[in-house]
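Scroll down for the structure; my scribbles are underneath it.
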Amino acid sequence: MIRTPRLSLRSWRDDDRDPFAVINADPEVAYWLGGALSPERSSASINRYMTCIERMGFGRWALERRDDYTLIGAVGIMPVLGDLPLDGFELGWRLSRQSWGQGYAREAAAAALQYGLKKAKLKEVLAFTSEKNVRSIRVMEAIGMARDPARDFDHPSLEPDHPLRRHVVYVAAN
Ligand SMILES: CC(C)(COP(=O)(O)OP(=O)(O)OC[C@H]1O[C@@H](n2cnc3c(N)ncnc32)[C@H](O)[C@@H]1OP(=O)(O)O)[C@@H](O)C(=O)NCCC(=O)NCCS
């Protein structure tokens with residue numbers, strides 16, 4: 001568990017499944033993440049996050065507001081998955097639409113990055129998103145990650161003419 005002034009990054013519980021499914025079904029959130037997830041796929045994501053946290057001590061944590069215990073999203077570091085042309089560990093985030101614009105993503109992402117570099121002692125942590133995802137890129141820059149254009153890539157699961165296909169890569173290293 002990591003605590004920041006306003007947030008807890010904690011392990012997942014069964015009662016997170018419904019509110020996380022609502023976040024993952026929201027078209028405004030899902031637009032940036034390859035489309036809306038069914039409740040089953042959202043729940044499967046939680047299972048993957050939990051397995052990672054159990055095995056490695058870190059992963060995508062549940063993000064909870066400390067003042068009212070509301071689940072507002074997921075933030076944390078996971079091994080890069082799938083057939084992406086990148087290797088290593090990725091810091092990622094997704095927050096409920098209602099909680100955007102309040103600095104929660106920055107606050108949580110900064111704490112997760114510190115954990116990855118200082119506690120887990122990872123050599124480097126990557127973050128990537130579509131070059132169009134300005135909000136997410138602002139978070140990367142705000143927490144001190146540096147752009148590495150040499151590693152930019154076209155997302156292999158998006159069609160060649162998909163507007164979000166080109167991805168930019170940011171890095172923080174020890
Ligand atoms: C990416 C995402 C997490 C960013 O959320 P966000 O609310 O815009 O980001 P933050 O919480 O850091 O908020 C930052 C903004 O809130 C403002 N803000 C308001 N109160 C604040 C506070 N107390 N502290 C800091 N910033 C505050 C800041 O001015 C900042 O705006 P700026 O970047 O224009 O300066 C969110 O848009 C999201 O979940 N998107 C969909 C999923 C996604 O794209 N994930 C990433 C895919 S790789």
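In listed order, ligands and their atoms are each counted from 1.
The ring pair (Phe, Tyr, Trp, His ring centres under 6.0 Å) check on His167 picks up Phe153, His155, with sequence neighbours excluded. For Asp161, there are no salt bridge (charged side-chain N to carboxylate O under 4.0 Å, His left out) partners, not counting sequence neighbours.
Below 30°, between 30° and 60°, or above 60°: for Trp61 and Tyr115 the angle between ring planes is above 60°, a perpendicular geometry.
In summary, Glu107 and Arg66 do not engage in a salt bridge, as defined by a charged side-chain N under 4.0 Å from a carboxylate O.
When only non-hydrogen protein atoms are considered, atom 39 (O) of ligand 1 lies nearest to Leu95 N, 2.8 Å. With hydrogens left out, the protein atom closest to atom 25 (C) of ligand 1 is Gly103 CA, 3.4 Å, a heavy atom. Gln102 O, 3.3 Å is the protein heavy atom nearest to atom 22 (C) of ligand 1. Protein heavy atom closest to atom 44 (O) of ligand 1, with residue, atom name and distance, is Asn133 ND2, 2.8 Å. Atom 42 (C) of ligand 1 has as its closest protein heavy atom Leu33 CD1, 3.8 Å.
A 6.0 Å sphere centred on CG of Asp67 holds more than 12 heavy atoms belonging to other residues, nucleotides or ligands.
Geometrically, ligand 1 and Val139 share no nitrogen or oxygen pair separated by less than 3.5 Å.
Atom numbering of ligand 1 starts at 1 in the shown order; those under 4.0 Å from a heavy atom of Thr129 are 47 (C), 48 (S). Distances below 4.0 Å separate heavy atoms of Arg94 from the following atoms of ligand 1: 39 (O). Those atoms of ligand 1 that come under 4.0 Å of a heavy atom in Arg135, given as number and element, are 8 (O), 37 (O).
Using a 4.5 Å heavy-atom cutoff, the side chains of Val171 and Arg151 are in contact.
Ranked by closest heavy atom to atom 45 (N) of ligand 1, the top entry among Trp32, Trp93, Trp100, Tyr104 is Trp93. Of the candidates Ala127, Ala105, Ser99, Ala105 brings a heavy atom nearest to atom 4 (C) of ligand 1. Compare Ala74, Gly92, Gly34, Gly101 by their heavy atoms: the one nearest to atom 15 (C) of ligand 1 is in Gly101. For atom 32 (P) of ligand 1, the nearest non-hydrogen atom from the set Arg106, Gln98, Arg6, Glu141 belongs to Arg106.
Note that the CZ atom of Arg106 and the CG atom of Leu7 stand 13.5 Å from one another [nearest 0.5 Å]. The line from CE of Met140 to CG of Leu91 is 8.0 Å long, rounded to the nearest 0.5 Å. Rounded to the nearest 0.5 Å, atoms OG1 (Thr129) and OH (Tyr170) are 10.5 Å apart.
There is a protein heavy atom less than 4.0 angstrom from atom 9 (O) of ligand 1. Closer than 4.0 Å to atom 47 (C) of ligand 1 lies at least one heavy atom of the protein.
No hydrogens or angles considered: nothing links the side chains of Arg41 and Asn24 as a donor-acceptor pair under 3.5 Å. Inspection of the Trp32 and Ser130 side chains reveals no N or O donor paired with an N or O acceptor under 3.5 Å.
Counting heavy atoms under 4.0 Å from ligand 1, residue Arg138 touches it through the side chain alone. By the criterion of a heavy-atom distance under 4.0 Å, the backbone of Phe128, and not its side chain, is placed next to ligand 1.
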